[in-house]
Amino acid sequence: MTDKIMLKCPACGAMNRVDERRLTAQPVCGRCGKPLTAPSKPIHVGGAEFQKEVLDWPGTVLVDFWAPWCGPCRAVASILEELAARRSGSLKIVKVNTDENGELASQFGIFSIPTLILFDRGNKINEIAGAMPRSQLEAWIDSSVAAVRS
Ligand SMILES: [Zn+2]
């Protein structure tokens with residue numbers, strides 16, 4: 001694996017292209033020299049944190065509405081684990097357990113799980129239900145973000 005991923009510096013905001021293999025070796029920002037620490041795993045969020053972690057976030061957030069008993073959710077979960085690492089710093093991945101957060105589920109009209117909702121700078125920009133291959137999911141994310149940012 002020689003994949004490069006984009007990491008946003010938490011100190012100065014510069015985007016850094018980092019070799020995936022260097023992520024464990026404390027990479028630093030090319031502009032300001034501060035350590036690059038981006039979440040490389042999905043974050044579990046409930047009703048209390050949703051505003052701060054999703055709606056107030058200045059970038060792109062993918063929210064996975066899931067439940068522990070849901071088989072297809074497990075397939076999506078492993079894809080999202082991988083995506084969180086690959087796109088650390090540019091895409092934030094949030095998981096909402098619908099069994100524990102019924103209010104959020106009804107607020108966003110979740111009728112089936114898994115449902116993925118994509119937010120960009122606090123706005124819901126797209127939604128998709130069901131499991132899909134990673135390549136398809138990434139293409140859906142990229143085209144959805146490109147559509148609102150162009
Ligand atoms: Zn920096």
Where do [X] and [Y] come nearest, in terms of heavy atoms and distance?
| X | Y | value |
| --- | --- | --- |
| Thr98 | Ala105 | CG2-CB, 4.0 Å |
| Asn126 | Ser144 | ND2-OG, 2.9 Å |
| Ala131 | Pro114 | N-CG, 4.1 Å |
| Pro42 | Lys95 | CB-CD, 3.6 Å |
| Ile79 | Met132 | CD1-O, 3.1 Å |
| Trp57 | Val61 | CD1-CG2, 3.6 Å |

State, yes or no, whether a side-chain contact exists between [X] and [Y] at a heavy-atom distance under 4.5 Å.
| X | Y | result |
| --- | --- | --- |
| Val148 | Asn123 | no |
| Pro35 | Pro27 | no |
| Leu83 | Glu138 | yes |
| Leu118 | Ile128 | no |

Give, for atom [atom1] of [X] and atom [atom2] of [Y], the distance between the pair rounded to the nearest 0.5 Å.
| X | Y | atom1 | atom2 | result |
| --- | --- | --- | --- | --- |
| Asp64 | Leu116 | CG | CG | 5.0 Å |
| Cys12 | Arg31 | SG | CZ | 4.5 Å |
| Ile93 | Arg86 | CD1 | CZ | 11.0 Å |
| Leu91 | Thr60 | CG | OG1 | 6.5 Å |

Would you sort out whether Ile117 and Ile110 count as a side-chain contact (heavy atoms from CB on, under 4.5 Å), showing the intermediate values? CA-CA 10 Å; Ile117 300 183; Ile110 306 300; 3.9 Å; yes
Quick one: sort the Phe108 and Phe50 rings into parallel, tilted or perpendicular, breaks at 30° and 60°.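 Rings of Phe108 and Phe50: tilted, 30 to 60°.
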Could you list all the side-chain hydrogen bond (donor to acceptor under 3.5 Å, both in side chains) pairs where at least one residue sits in residues 100-113, not counting sequence neighbours?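 Every pair satisfying side-chain hydrogen bond (donor to acceptor under 3.5 Å, both in side chains) with a residue in residues 100-113: there are none.
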Contact list for residues 43-52, test side-chain hydrogen bond (donor to acceptor under 3.5 Å, both in side chains), sequence neighbours left out: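 Matches after skipping sequence neighbours: Gln51-Asp56.
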Name each donor-acceptor pair under 3.5 Å that joins a side chain in residues 66-75 to protein atoms two or more places apart or in another chain, with its distance.
{"residue": "Trp69", "atom": "NE1", "partner": "Asp99", "partner atom": "OD1", "Å": "3.2"}
{"residue": "Trp69", "atom": "NE1", "partner": "Asp99", "partner atom": "OD2", "Å": "2.9"}
{"residue": "Arg74", "atom": "NH1", "partner": "Pro68", "partner atom": "O", "Å": "3.1"}

Donor-acceptor check, side chain of Lys92 to backbone of Glu53, threshold 3.5 angstrom: yes or no?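 Flag set: sc Lys92 to bb Glu53 pair under 3.5 Å.
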Are Leu62 and Val94 close enough, and set up right, to give a side-chain contact (heavy atoms from CB on, under 4.5 Å), and what steps lead you there? CA-CA 6 Å; Leu62 180 65; Val94 162; over 6 Å; no
Assess the pair Phe111 and Phe65: is the distance between their ring centroids shorter than 6.0 Å?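 Centroid separation for Phe111 and Phe65: 6.0 Å or greater.
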Just jot down the salt bridge (charged side-chain N to carboxylate O under 4.0 Å, His left out) partners of Asp142, sequence neighbours excluded, or say none.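 Salt bridge (charged side-chain N to carboxylate O under 4.0 Å, His left out) list for Asp142, sorted by chain: Arg87.
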Output all residues satisfying salt bridge (charged side-chain N to carboxylate O under 4.0 Å, His left out) with Lys124, sequence neighbours left out; order by chain, then residue number.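 So Lys124 forms a salt bridge (charged side-chain N to carboxylate O under 4.0 Å, His left out) with Glu127.
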Please collect all salt bridge (charged side-chain N to carboxylate O under 4.0 Å, His left out) contacts where either partner lies in residues 111-122, sequence neighbours excluded, each pair once.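 Sorted result for residues 111-122: Asp120-Arg149.
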